[in-house]
K.L.:
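Here's a structure for you.
We number each residue from 1, following the sequence as shown.
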Amino acid sequence: MLCMTFAAIEDNVQRNELEKFYFSHKDRLYSIALSKLHNKEDAEDAVQEVFSEIADKPEKFFDIPPKDRLAYTDVILRNIAVDIFKRKNKNQADELNEDIEDVKISLENDLIGKSERKEIVEFINNLPTKRRGVLILRCFYDLSIDEISQRMNITPDNVSKHLLLARKAVKKFIDERNEQL
């Protein structure tokens, strides 16, 4: 695919220079992408997108002094990584939103008391995305902290923090709801 990307550049000198630049810096760019995305395939895609973007408008790249081109590719890479990360997390959030309707709340007898299941589900649906996702994966799918960390691409410490905050929020909601009754 990358060969076809470079083939789109009509100027042979520019094409050769860009290929040389790619082979000199691809490992460094991949490392940066991997550190941002925590996923090999996404990191490879990000590096590929950088060079596709450059190949689409090579004049922008070649107008930059050679000493500044690496910094330019870093900026492009970071922007692409952010876009990939946002797309991926939006998809995960959409999946979790679909799943919650199918989930049977196993904590119902222990936690809900007088509160109705529908109100709890609605409350959980309104939690911040990561808290909601962590709570659902832990309580309803019985995944470990490490499994949740891998699935949501966040550290185990962040999983624990979001889980604690989600549980506190649910408990507070139930307590307030029970006081009203």
Side-chain angles (χ1 to χ4, degrees), residues 26-53 70-181:
K26 68 177 179 164
D27 292 335
R28 179 184 173 282
L29 293 170
Y30 173 79
S31 295
I32 292 169
L34 187 59
S35 74
K36 302 286 182 207
L37 298 168
H38 308 288
N39 179 293
K40 291 178 183 181
E41 292 81 16
D42 290 342
E44 290 169 357
D45 289 347
V47 173
Q48 173 71 34
E49 282 187 48
V50 167
F51 287 94
S52 291
E53 193 170 308
L70 187 57
Y72 175 72
T73 57
D74 285 350
V75 171
I76 294 172
L77 177 66
R78 285 187 173 90
N79 291 337
I80 288 170
V82 166
D83 290 345
I84 290 171
F85 183 79
K86 285 179 181 177
R87 266 194 319 259
K88 191 170 187 173
N89 283 334
K90 182 187 180 319
N91 291 340
Q92 286 178 345
D94 290 345
E95 288 173 23
L96 291 172
N97 284 335
E98 292 170 12
D99 288 347
I100 196 163
E101 296 304 322
D102 300 331
V103 172
K104 230 178 176 175
I105 298 180
S106 63
L107 300 176
E108 190 169 359
N109 293 335
D110 298 332
L111 296 177
I112 294 178
K114 296 178 185 175
S115 298
E116 293 186 22
R117 180 180 183 273
K118 182 178 176 183
E119 292 171 343
I120 294 292
V121 170
E122 186 176 314
F123 178 79
I124 291 171
N125 271 331
N126 290 320
L127 286 173
T129 303
K130 286 188 180 175
R131 289 183 194 164
R132 178 180 62 237
V134 166
L135 183 68
I136 290 169
L137 293 174
R138 180 70 175 159
C139 295
F140 307 127
Y141 290 100
D142 201 27
L143 296 182
S144 71
I145 299 294
D146 289 333
E147 290 170 325
I148 296 168
S149 170
Q150 290 173 353
R151 179 158 180 192
M152 294 187 69
N153 290 325
I154 58 175
T155 66
D157 286 342
N158 278 338
V159 170
S160 297
K161 179 185 86 173
H162 287 296
L163 185 58
L164 176 68
L165 294 171
R167 284 179 171 163
K168 281 183 179 180
V170 171
K171 183 178 181 338
K172 181 179 176 188
F173 173 79
I174 292 170
D175 290 345
E176 288 174 358
R177 173 75 170 85
N178 287 336
E179 284 177 15
Q180 293 174 358
L181 297 177

K.L.:
Would you compute the distance between atom NZ of K36 and atom CG of L77 and round it to the nearest 0.5 angstrom?
P.N.:
9.0 Å

K.L.:
Search all heavy atoms of A46 against all heavy atoms of I80 and return the closest pair with its distance.
P.N.:
CA-CG2, 3.9 Å

K.L.:
What distance do I136 atom CD1 and I124 atom CD1 have between them, rounded to the nearest 0.5 Å?
P.N.:
7.0 Å

K.L.:
Mind listing the closest non-hydrogen atom pair of A43 and Y30 along with its distance?
P.N.:
CB-CE1, 3.6 Å

K.L.:
Taking only residues two or more places apart in sequence, or in another chain, which ones meet D42 in a side chain to side chain donor-acceptor pair (under 3.5 Å)?
P.N.:
K88

K.L.:
Any idea which heavy atoms bring A166 and L127 closest together, and the distance?
P.N.:
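A166 and L127 have their closest heavy atoms at CB-CD1, 4.3 Å.
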
K.L.:
Kindly compute the distance separating CG (L29) from CD (Q48), expressed to the nearest 0.5 Å.
P.N.:
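That separation rounds to 12.0 Å.
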
K.L.:
What side-chain hydrogen bond (donor to acceptor under 3.5 Å, both in side chains) pairs are there with at least one residue in residues 159-170, not counting sequence neighbours?
P.N.:
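Every candidate side-chain hydrogen bond (donor to acceptor under 3.5 Å, both in side chains) pair involving residues 159-170 fails, so no pair, neighbours aside, qualifies.
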
K.L.:
Before giving the answer on side-chain contact (heavy atoms from CB on, under 4.5 Å), spell out for K130 and N158 the whole-Å C-alpha distance, their side-chain angles and the decisive distance to 0.1 Å.
P.N.:
CA-CA 9 Å; K130 286 188 180 175; N158 278 338; over 6 Å; no

K.L.:
Say you draw a straight line from CZ of F123 to CD1 of I174; how long is it, rounded to the nearest 0.5 Å?
P.N.:
8.5 Å

K.L.:
Return the CD1 to OG1 distance between I32 and T73, rounded to the nearest 0.5 Å.
P.N.:
7.5 Å

K.L.:
Would you give the length of the straight line joining atom NZ of K171 to atom CG of D175, rounded to the nearest 0.5 angstrom?
P.N.:
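Taking NZ in K171 and CG in D175, the distance rounds to 4.0 Å.
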
K.L.:
Taking all heavy atoms of L165 and all of R131, pick out the closest pair and write down the distance.
P.N.:
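Scanning both residues completely, I find the closest heavy atoms to be CD1-NH2, 3.2 Å.
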
K.L.:
Kindly indicate whether the side chain of N126, heavy atoms from C-beta on, has any atom under 4.5 Å from the side chain of E122.
P.N.:
yes

K.L.:
Quick one: does D83's side chain get under 4.5 Å of E49's, heavy atoms only?
P.N.:
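The answer is no; the side chains never approach within 4.5 Å.
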
K.L.:
Locate the shortest heavy-atom distance separating K40 from L34; write the atom from each residue and the value.
P.N.:
N-CD1, 3.8 Å

K.L.:
Have a look at V134 and tell me which of I145, T129, V159 forms a side chain to side chain contact (heavy atoms under 4.5 Å, CB included) with it.
P.N.:
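In the set I145, T129, V159, the residue that makes a side chain to side chain contact (heavy atoms under 4.5 Å, CB included) with V134 is V159.
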
K.L.:
Side-chain contact test, heavy atoms from C-beta onward, threshold under 4.5 Å: evaluate it for R28 versus L70 and give yes or no.
P.N.:
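Heavy-atom side-chain distance check passes, below 4.5 Å.
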
